[in-house]
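Encoded as structure tokens, the structure appears first; notes follow it.
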Amino acid sequence: MSLKKRINEAATAAFVAAGLPEDTPTRLQWSARPEFGDMQINGVMGAAKQLKQNPRELAQKIVDQLDLEGLVTKAEIAGPGFINLHLENAAIVEESTKLLGDARLGLEFPETKECVVVDYSAPNLAKEMHVGHLRSTIIGDAVCRALEFKGHKVVRQNHIGDWGTQFGMLITELQQTHSQEELDAGISLSDLEGFYRKSKQHFDADPVFADLARTNVVKLQSGDPECRKLWKQFIDESLSHAEDIYQKLGVLLTKADVHGESAYNEDLKPVIAALVEAGIAVEDQGALVVYLDELADKEGNPSVVIVQKADGGFLYATTDLAAIRYRVNQLHATRCLYFIDARQSLHMKQIFVIGRKTGWVPANVEFEHCAFGTMMGEDGRPFKTRSGETIKLADLLDEAIERAQAVVAKKNPNLDKETQLEIGRAIGVGAVKYADLSKVRTNDYRFSWEAMLSFEGNTAPYLQYAGTRIHSLFEKAGEDLSSFSGAIQIDQPEERALALSIQRFSEVVDQMVDSTMPHELCTYLYDLSGKFATFYEACPVLKPDIEPQIRESRLALSALTSKTLASGLSLLGIQSLERM
RNA sequence: GCAUCUGUAGCUCAGCUGGAUAGAGCACCUGGCUUCGAACCAGGUGGUCGGGGGUUCGAAUCCCUCCAGGUGCGCCA
């Protein structure tokens, strides 16, 4: 159990002993300022208010009951009723030593293991992946990693857009640009984006083409073998492009995680039938719609969802409902996360409400829309090229990598070319991912090459750099970083601050697993790296006049920092480096 | 019109379920490399937390209202 949890248990016990109900929040937190000690209990004032007691007197009663022998040197009452705690160095040492030998760095396994279905990335396969897919892919992936590390079962779902009217257009384009022999042999498209553009142009300009396209949609959806074959080829081709991107990004999605819109085709009619039978969907102007009083506005107008078009066609609401059933019934989800653009908030709410109304979603299964904002360019408007086109993800990553490689070549010209390129990749990709992950995901975020690759402040390179310094330290010391263990002692304030920062890792991961907000981990890792930089500056390790036990202790603290940093980065899907 | 999100230092952003004197980075200024990696560190300048009310021991945080901006809103996904 972590230091904080142990102290919190003691605080709760003292609350109870002082006559407070067991569920009174202690509001134990790390102190905002050093003069307030290491931790502070803030819950006394609130409790005193409820019981109409004098907060300082209540605080005194609690302090009298507080049994923190061996953990805390003093507990003092301050201000209107804060209790400030000063931790015992020995306790910090003991806890740090434990963490050094613990691969999970203090993170406990969950009381109940959940099955978390995570919907993320979900590119539309009609087009090439662009920057709009980046946030879902990166943030979703990081949350999956954290959930798995915590010990939950994670089922990734790449809900790709592989079904819909535009595929009729694409199939027709394929037929017109490829001979039958080529089509039989299997297609290869180097420029998916251009291919889509051309087919769209033909569709708009050529009525004959457009008719063929519409016919092909119908044929495709009714299972025509030739259309299905071409469609399948196009999907495979398009998917392999996406997989190249995943590979480059270091994202864990594979083909096995793909479960696209087309997979729900068979269940669309049953979904509609069930909605109608339950009286939830009703006819309106030829279409089938669902009215939701649960989402009515202030005047009482219900929210409306169309689940089937007047022409009998289905919409993405229908597909999403089928996906809900699949995730609950087939995947046995206990928690479902959707990493989808914030602009779809209303849609997601509607789908979830319908899932509850129909009883498809049991009360004990959670559904959460993990929304994120739009990626903006440096001008504060949606991120586009100068000519107004969306930016391909492949191009964005290539540019990031090139820029990073240039910096590596400049900063560290001694490295051989191959290593420079390798490191540049890790830094460039890491910088792009971290820039995104480190912002609160629900807000729009401004993409800036300058801020991202200046490598200063709260950036991936800063964290990676901290890691390389530790590797370098161990190399110089002639010790093995990964297996190092040594007695820790705490004398200097910088050592103490570093050790305390390390204690927080497990609670931050817990917090991130709960909130699905990776920026919380980023903020923490940046703080940790900063604490290390300060320590590294103030506390020499290998200098000749350093006593052996100090050297050992500082090496141990460094090794522990390295472990924590590397674990944190890996949860974010960012590579740690030994040199850069 | 309705719904929803946002407004914090010149810029980019944190601020956890209300907690003490609102924090970082960039930029700017002052220091620190003949020995552990200076892609770094120490320090400084800089804020009516959009405006106004309210709730209370205490508000950037909760409630109301106004202002400004973004996004969404029945047959695309």
Side-chain angles (χ1 to χ4, degrees), chain A residues 25 27 29 31-33 35-36 40 42 45-46 48-49 55 78-82 84 122 124 126 161 163-166 261 284-291 295-299 301 303-311 313 315-317 319-320 341-347 349 371 373-374 376 378 380-382 407-408 410-412 427 438-440 442-446 448 450-451 454-459 461-462 464-466 468-477 508 511 515 517 519-520 522-523 526-527 530 533-534 536-544 546 554 558 579-580:
Chain A
R27 317 236 171 202
Q29 55 184 242
S31 295
R33 304 167 166 280
E35 59 267 35
F36 301 147
Q40 49 184 203
N42 292 347
M45 281 98 69
K49 190 194 293 190
F82 298 100
N84 293 335
N124 185 336
W163 204 242
T165 46
Q166 66 276 55
E261 291 171 351
D284 185 77
Q285 298 168 43
L288 277 174
V289 306
V290 176
Y291 291 105
L295 299 174
D297 64 20
K298 286 209 163 132
E299 278 131 41
N301 305 309
S303 182
V304 184
V305 190
I306 298 183
V307 290
Q308 187 171 22
K309 295 194 282 184
D311 67 5
L315 298 106
Y316 80 138
T319 311
D320 283 342
D341 197 301
R343 282 174 291 199
Q344 309 232 17
S345 292
L346 178 59
H347 168 73
K349 263 190 218 163
T374 309
M376 304 298 206
E378 307 207 25
R381 292 185 310 196
V407 177
V408 173
K410 191 171 151 206
K411 296 259 186 195
N412 211 340
I427 295 177
S438 60
K439 271 94 186 168
V440 173
T442 49
N443 296 347
D444 290 347
Y445 121 78
R446 205 183 193 96
S448 159
E450 203 211 337
S454 67
F455 304 163
E456 283 165 356
N458 189 7
T459 63
Y462 180 85
Q464 288 167 324
Y465 177 65
T468 61
R469 291 170 112 185
I470 300 175
H471 276 277
S472 171
L473 191 62
F474 274 80
E475 202 172 312
K476 190 145 282 185
V508 172
Q511 194 186 323
S515 68
M517 291 283 209
H519 85 279
E520 291 164 351
C522 295
T523 305
Y526 179 57
D527 176 74
T534 303
Y536 184 83
E537 204 77 19
C539 303
V541 181
L542 306 177
K543 299 289 170 74
I546 299 300
R554 289 179 178 169
S558 300
R579 287 179 297 174
M580 65 188 277

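Lettering follows sequence order; numbering is per chain, from 1. The figures here come from the full heavy-atom set of this structure, side chains too, leaving out hydrogens, waters and symmetry mates.
Comparing the P positions of B:rG54 and B:rA60 gives a spacing of 15 Å, expressed to the nearest Å. Distance check on atom C1': B:rU12 versus B:rG58 gives 31 Å, rounded to whole Å. Nucleotides B:rA9 and B:rU61 have their P atoms positioned 15 Å apart, rounded to a whole Å. Across the P atoms, B:rA3 and B:rC28 are found 47 Å apart, a figure rounded to whole Å. Comparing the same atom, C1', in B:rC76 and in B:rG15 gives a spacing of 40 Å after rounding to whole Å. B:rA59 sits 16 Å from B:rU21 when the C1' atoms are compared, rounded to a whole Å. Only the C1' atoms considered, B:rG19 is 12 Å distant from B:rU56, to the nearest whole Å. For B:rC33 and B:rA42, the C1' atoms lie 14 Å apart once the distance is rounded to whole Å.
Stacking of the aromatic ring of A:Phe36 onto the base of B:rA20 is found: the ring centres lie under 5.5 Å apart and the planes are inclined by under 30°. The ring of A:Tyr536 does not lie on top of the base of B:rC40; it is either too far (5.5 Å or more) or too tilted (30° or more). In this structure, A:Phe82 packs face-to-face on the six-membered ring of B:rA20, meeting both the 5.5 Å centre cutoff and the 30° plane limit.
Look at A:Tyr445 and you won't find any side-chain N or O under 4.0 angstrom from OP1 or OP2 of B:rC13. A sub-4.0 Å separation between OP1 or OP2 of B:rG37 and a side-chain N or O of A:Lys476 is present. At B:rA39, none of the side-chain N or O atoms of A:Arg469 fall inside 4.0 Å of OP1 or OP2 (strictly under the cut-off). OP1 or OP2 of B:rC76 lies within a sub-4.0 Å distance of a side-chain N or O belonging to A:Lys309. OP1 or OP2 of B:rC13 has not a single side-chain nitrogen or oxygen of A:His519 nearer than 4.0 Å. Contact between the side-chain N/O atoms of A:Tyr465 and the OP1/OP2 oxygens of B:rA39 is found at a separation under 4.0 Å. Of the side-chain N and O atoms in A:Arg27, one or more sit less than 4.0 angstrom from OP1 or OP2 of B:rG18. In terms of phosphate contacts, A:Arg33 brings a side-chain nitrogen or oxygen within less than 4.0 Å of OP1 or OP2 of B:rG23.
At a threshold of 4.0 angstrom between heavy atoms, the contacts of A:Thr534 are confined to the sugar-phosphate backbone, with no base atom among them. Note on A:Thr468: a base of the nucleic acid sits closer than 4.0 angstrom, heavy atoms only. Within the 4.0 angstrom heavy-atom criterion, only backbone atoms of the sugar-phosphate kind lie near A:Lys298; the bases stay farther away. Across all strands shown, A:Gln40 has heavy atoms under 4.0 Å from base atoms, whether or not it also approaches the sugar-phosphate. Counting non-hydrogen atoms under 4.0 angstrom, A:Tyr462 reaches the backbone sugars and phosphates but no base.
If you check B:rA39 for Watson-Crick or wobble pairing at under 3.5 angstrom, you find it has no partner at all. In this structure, B:rA22 forms no base pair with any nucleotide, since neither Watson-Crick nor G-U wobble geometry is met with both distances under 3.5 Å.
Between the side chain of A:Asn84 and the base of B:rA20, a donor-acceptor pair under 3.5 Å is found. Side-chain atoms of A:Gln29 and base atoms of B:rC16 include a donor and an acceptor less than 3.5 Å apart.
In this structure, CG of A:Asn443 is placed 19 Å from P of B:rG69, rounded to the nearest angstrom.
Checking side-chain atoms of A:Asn84 against main-chain N and O of A:Gln40 turns up no donor-acceptor pair under 3.5 Å. The closest donor-acceptor contact from the side chain of A:Ser515 to the backbone of A:Gln511 lies under 3.5 Å.
For the pair A:Glu299 and A:His347, both in contact range of RNA chain B, the more 5′-proximal nearest nucleotide belongs to A:Glu299. Toward the 5' end of RNA chain B, the nearer of the two residues A:Val440 and A:Asn124, judged by each one's closest nucleotide, is A:Val440.
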